[in-house]
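Presented below is the structure to which this report refers.
For reference, positions follow the sequence shown, starting with 1.
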Amino acid sequence: TGAIAGSDRTLDAFFRRWHVIRVNTLDELLETSILFSGLRGAPTTSRRVGMSTVSGGEMGMLADICSDYGLEFPPLSEEGKAGLRSVLPPYAPLANPLDAWGSGDLKEAYPASLSILAREPAVDLLIVSQDMPSNMADEQIAQFSDVAAAAVRARADSGKPVVVVSNISGGIEPSIRKILDDGGVPALQGSTEGVGAVAAWLDWNRPLPEETEAPLPLPTDLLAELDTCGGIVPYALSTRVLAHFGITALCERLTQTPEEAKAAAEAIGYPVALKGISPDITHKTETGLVKLNIADAGALRQAWDELERSMNLHHPDARREGMLIQSMVTGDVVETIAGVNRDPAFGSAVVVGLGGIFVELLRDVSLELAPLSPARAKAMINRLQAAKLLQGFRGKQPADIAALEETLVRLGRMAHALGERLVSLDLNPLMVLPEGQGVRIVDIVMQARPSGDSPKHLP
């Protein structure tokens, strides 16, 4: 979890929590600052935008950039289409984004089109694309002053925020900027910088984090055990700590003898998996310490003997906790990873992502600082590319997203309660079963800080 979390992801999570807007270049900084100054008093969090251009090519380019930033273009209402049909020529396509050039009438048809688009019920913010560099001819200045005046009128008539984006840098014609400034319409330079500033402003308008439940303190005996086993925590203790916070590994039993394993398998029900458990061995499959789909008692005894030989051969000095019997997970499941990573500067972060062999290959992970509200847990999952798999993909059943969200919330409480004691936690894989059936923990690796070992903080 620590390897895929990364300090930069943690920094992003810190910024999200406290509404710090992150930019990557000075141009982005300047345009974002201009937008924040110009849109005071007109907050919205909706990403449903209307966009007007006078160039089909620029419209396609901007639409792609808006999509990259998660902005949405709701379709026009029938009333809106009728209004546009009355002011634009018959050959003009009526859609959002809108190419409002029409026949080039910027004095009457264009302002009317812009006002109609701004009044659309599904549109909560209007982006007007218009290039207006400072070296234009007088005729162009006059034309595009009409565009600026139309943007100001749309802002006043609709009461919605309106932003003008010039797709080129190099300055904005001063007389046009004055029209926009006086009308409360920010004028931004650069397609990516302008749209990025809009997206940042929408994010910043979101409410501050919801209150989260107070963490349940760990009992004294568990704390004492945790403090004395710095490094990888024994599996049995890990499950007890997790269970205290309502995160349970169901359908499994840690056994010490073949007879105990046989009884456990019969109680759980075949087929089962058998795993060699040691706090000194984190990657069991690399030395053959996992046997799957064991169908009966005979196969179980054979698997037990094979794991014993593998332990003696590859890990003769490893501390042994026993052999873990687990039921097999079958059917439509989504393999995820969930866990906790402790950052020396920002504290504990909860991580979720696509699990199994894809963890380090695709690095499809999402991260938030602990503790988590249910809304933040939901947002974490929705940021994943794998969210589509969880929602049901190509005929598969939707997964139990609610159970995954609850697990993340509980991990956040645990991480917040343990603080510096918990260095990292991997639940990998964490199987998300079909809707209503919960989640299943398949493997646990917990790392604790040794008692008396002070964390090293970043300078």
Side-chain angles (χ1 to χ4, degrees), residues 1-2 5 212-256 260 264 268 275-282 284 318-326 337-344 346-352 368-374 377 403-431 438-456:
T1 301
T212 56
E213 292 183 25
L216 189 63
L218 206 62
T220 306
D221 59 332
L222 281 181
L223 279 178
E225 286 187 69
L226 205 57
D227 284 342
T228 58
C229 66
I232 301 300
V233 178
Y235 189 89
L237 178 56
S238 298
T239 59
R240 288 166 59 204
V241 172
L242 286 164
H244 175 75
F245 293 97
I247 307 165
T248 56
L250 301 174
C251 302
E252 68 176 32
R253 191 174 302 173
L254 191 60
T255 63
Q256 304 299 324
E260 285 185 11
I268 291 172
K275 301 178 181 180
I277 303 297
S278 166
D280 301 322
I281 306 169
T282 55
K284 305 175 187 66
R319 293 169 291 170
R320 301 190 184 188
E321 291 188 65
M323 300 285 193
L324 186 68
I325 295 285
Q326 287 182 321
I337 179 175
V340 175
N341 185 60
R342 180 77 185 177
D343 186 275
F346 298 108
S348 298
V350 178
V351 181
V352 67
E368 288 288 351
L369 296 179
L372 293 182
S373 65
L404 179 58
E405 291 171 2
E406 180 61 26
T407 300
L408 297 178
V409 170
R410 292 175 184 272
L411 284 175
R413 290 179 195 147
M414 184 184 76
H416 188 54
L418 296 181
E420 295 175 350
R421 283 186 170 91
L422 181 62
V423 175
S424 68
L425 170 68
D426 284 349
L427 306 181
N428 183 31
L430 176 69
M431 301 295 196
V439 298
R440 284 281 304 280
I441 300 170
V442 176
D443 198 18
I444 303 169
V445 178
M446 183 183 294
Q447 183 180 2
R449 188 177 307 283
S451 180
D453 182 12
S454 299
K456 296 179 176 62

Nearest atoms (heavy-atom pairs only) where [X] meets [Y]:
X	Y	answer
I444	S238	CG2-CB, 3.9 Å
A338	L411	CB-CD1, 3.9 Å
L372	E368	CD2-CB, 3.3 Å
F245	R413	CE2-O, 4.2 Å
H244	P219	CE1-CD, 3.4 Å
T248	I441	O-CD1, 3.8 Å

(request) Rounded to the nearest 0.5 Å, what's the gap from CE on M446 to CG on L425? Could you check? (result)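 Between atom CE of M446 and atom CG of L425 there are 5.0 Å.
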Using atom types as modelled and distance alone, determine if a side-chain donor or acceptor of [X] lies under 3.5 Å from a backbone N or O of [Y].
X	Y	value
S278	R319	yes
H416	L369	no
R449	E420	yes
S424	N341	no

(request) Write out all pairs satisfying salt bridge (Lys or Arg N to Asp or Glu O under 4.0 Å) with one or both partners inside residues 241-255, taking only residues at least two apart or from two chains. (result)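 Passing the test, one end in residues 241-255: no pairs.
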(request) May I have all residue pairs that pass salt bridge (Lys or Arg N to Asp or Glu O under 4.0 Å) and include part of residues 228-238, sequence neighbours excluded? (result)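 Residue pairs with at least one partner in residues 228-238: there are none.
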State, with a plain yes or no, whether a side-chain heavy atom of [X] is found less than 4.5 Å away from one of [Y].
X	Y	result
R421	L218	no
V445	I232	yes
D221	R240	yes

(message) If you apply the rule side-chain contact (heavy atoms from CB on, under 4.5 Å), what do you find for L430 with L404, and how did you get there?
(response) CA-CA 9 Å; L430 176 69; L404 179 58; 3.7 Å; yes
(request) Run the numbers on L237 and L226 for side-chain contact (heavy atoms from CB on, under 4.5 Å), then give the verdict. (result) CA-CA 8 Å; L237 178 56; L226 205 57; 4.3 Å; yes
(request) Evaluate the criterion side-chain contact (heavy atoms from CB on, under 4.5 Å) for residue pair V340 and L422; output intermediate values, then yes/no. (result) CA-CA 8 Å; V340 175; L422 181 62; 3.9 Å; yes
(request) Check side chain to side chain contact (heavy atoms under 4.5 Å, CB included) between A236 and all other residues, then give those that pass, not counting sequence neighbours. (result)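 Scan of A236 (side chain to side chain contact (heavy atoms under 4.5 Å, CB included), adjacent residues dropped) gives L254, E321.
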(request) May I have the step-by-step check of side-chain contact (heavy atoms from CB on, under 4.5 Å) for K284 and I277, ending in yes or no? (result) CA-CA 8 Å; K284 305 175 187 66; I277 303 297; 3.5 Å; yes
